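These notes concern the structure reproduced below.
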Protein chains: 2
Amino acid sequence: MAAELSHPSIQDGWFREISDEHFPGQAFELRVEKILFHEKSQFQDILVFKSTDYGNVLVLDGVVQCTERDEFSYQELIAHVPMFAHPSPRKVLIIGGGDGGVLREVLKHEDVIEEVVLVEIDEYVINLSKQYFPEMASGFEHPKAKIVLMDGFQYLKDNQGKFDVIITDSSDPEGPAENFFQVDYFKLLRDSLVDDNGIVISQSSENIWLNLKKLKQIYHTVKEVFPMVKYCYTCTPSYTSGQLGLIVSSKNAALDVAVATRSWDQAKQNNLLRYYNSRLHAASFVLPNAAKVFLEDEN
Amino acid sequence: MAAELSHPSIQDGWFREISDEHFPGQAFELRVEKILFHEKSQFQDILVFKSTDYGNVLVLDGVVQCTERDEFSYQELIAHVPMFAHPSPRKVLIIGGGDGGVLREVLKHEDVIEEVVLVEIDEYVINLSKQYFPEMASGFEHPKAKIVLMDGFQYLKDNQGKFDVIITDSSDPEGPAENFFQVDYFKLLRDSLVDDNGIVISQSSENIWLNLKKLKQIYHTVKEVFPMVKYCYTCTPSYTSGQLGLIVSSKNAALDVAVATRSWDQAKQNNLLRYYNSRLHAASFVLPNAAKVFLEDEN
């Protein structure tokens, strides 16, 4: 009989997400039915457990990445905002996103896309997703999907000027994703776009309720590189403070990424989308007053 | 020396909000610096503590009512949505709201209001707010504010046809607020409005991520009474799942409560409002696709 699995973040049957550095004084808990997997890969501490009420849960370095109950909110927003804002997204690049959720969403546009490349550094995450999150991993075998196992930075250097939409679905800045929040990275992203209509969207690892100063810093870092930068957010209960911020950018200063330029008919929309619709696309860019004023202030 | 205060929801220096009945399998925690007050009033279990990162926190029957850090989001949305949707809100009634936060917000419209009546059953809550949440309690002595200590139901029966805006800022359906979610209550609210332009907004005690079926039930209960009913929500990290739903209704089927009919100039807006602005007013009514479809379905 295999030894009982355990994890330092799980005690008395509850997983506890806590970080003195990133969200001091608050914690979120999920009740654990069973630990399914725990191992340190070459890159990070990976935990998968079955929760009593949120389905299976993926945790990297102690931070919830997704739960089966609410993952659709994040995956749909980060994928469909750039896909529907772009008039013709034929070539799409996903950096990170090894769980497959963003890939699944991008592939819903299979009538317009030619190819989706997913570049993930940690093959462990892909294999775990296939095993424990089969609904999220449903796109890995799609004929238009190409999976590349390497560092996202290196891939961008080797593939400049190729993509219409680039989605950075990284984990947080600690660990393997630490370079994904620096100006050099955003320059590489910019230069990997086909043309000025290209759109880049990046997980910010922040939200307006946590470290607004740090969020502003990332936001203005992106502004150094792109003439058009906007902030939007997904409401996802299992993320800290219930939200996660996304930074959307383009080389075209006149392109309003807060507006969907394409749409599906009502039946297709209701059949394929649980979170996203055209009105929510726009609403996701509307911020509480003080956060808006602070974020957009140039000083 | 007074005995050390304690509370069953606080252990090892952390307050833990947990409910097998209402949000099974998830919990939210705040780190406690000091317990300031704990007593059972005639109506409910009242706890006030100073947290390390969310300021002072008010807890009724184990559920967070407000924290100094994020209370403005809830108070501003529930107050300013009806106040800005109504063309001329002169008489305003607040039922519950003993912490004073909604009163503070309504009084920001002092140029248009004649009177704001706050009806609270539990005087304990008002006195505690004055002591521990002075910024929220700042409106109690305002010349246009009238505080009535009685049951909201009874007050409505005695004051039909009097108000332009009515705000139900109750605690959750257990305890003293249990009748605030029934059809008879919404009939009383309807009949307490001056005319068809009147607007009622009620805390739903639910959100779309928790018990969507129960939320739909409340929503359709209100629809039995009012021809115009809409759902909006506030994003508030210290509320379960990071959101709380509000149900807005009017006797005027043609009145779109999702649109602000009045506004303040930019300077006044930025000076007085941290959460609300006209665009956020509209965005707060935009729901994730599946929740929208489910909630509006008549079956």
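Not measured: the values here are computed from a predicted model.
Your options are A27(A), A283(A), C235(A), and the one with the most heavy-atom pairs under 4.5 Å with chain B is A27(A). Contact count versus chain B (heavy atoms, under 4.5 Å) is highest, among E33(A), E17(A), R16(A), for R16(A). Contact count against chain A (heavy-atom pairs under 4.5 Å) is highest for S241(B) among S73(B), S51(B), S241(B). Chain B forms more heavy-atom pairs under 4.5 Å with one residue of F23(A), W14(A), F28(A) than with any other, namely W14(A). Chosen from A282(A), G25(A), A290(A), G242(A), the residue pairing most often with chain B at heavy-atom distances under 4.5 Å is G25(A). The choice from Q269(A), Q243(A), K292(A) that makes the most heavy-atom pairs within less than 4.5 Å of chain B is Q269(A). Comparing N270(B), V293(B), T52(B) by heavy-atom pairs within less than 4.5 Å of chain A, the highest count is held by N270(B). Across S284(B), S238(B), P237(B), G13(B), the residue that shares the most heavy-atom pairs under 4.5 angstrom with chain A is P237(B). With chain B as partner, the option from N289(A), D53(A), N207(A) having the largest number of non-hydrogen pairs under 4.5 angstrom is N289(A).
The aromatic ring centres of Y239(A) and Y74(A) sit less than 6.0 Å apart. Between F49(B) and H38(B), the ring centre distance reaches or exceeds 6.0 Å.
The aromatic rings of F285(A) and H281(A) sit parallel to each other, their planes meeting at less than 30°, with 60° as the upper class boundary.
Side-chain contact check for F84(A) versus H109(A): some heavy-atom pair is nearer than 4.5 Å.
Sparse packing is recorded around NZ of K50(A), with 12 or fewer heavy atoms of other residues, nucleotides or ligands lying under 6.0 Å away. In this structure, D12(A) places its CG atom where only 12 or fewer heavy-atom neighbours from other residues, nucleotides or ligands lie under 6.0 Å away. More than 12 heavy atoms of other shown residues, nucleotides or ligands fall within 6.0 angstrom of atom NZ in K268(B).
Contacts between F72(A) and chain B at a heavy-atom distance below 4.5 Å involve the side chain alone, from C-beta outward. Looking at Y276(A), the atoms closer than 4.5 Å to chain B (heavy atoms on both sides) all sit in the backbone: N, CA, C or O. At a 4.5 Å heavy-atom cutoff, the contact between Y54(A) and chain B is made by side-chain atoms alone.
The two residues N277(B) and L287(A) make their nearest non-hydrogen contact at ND2-O, 3.6 Å.
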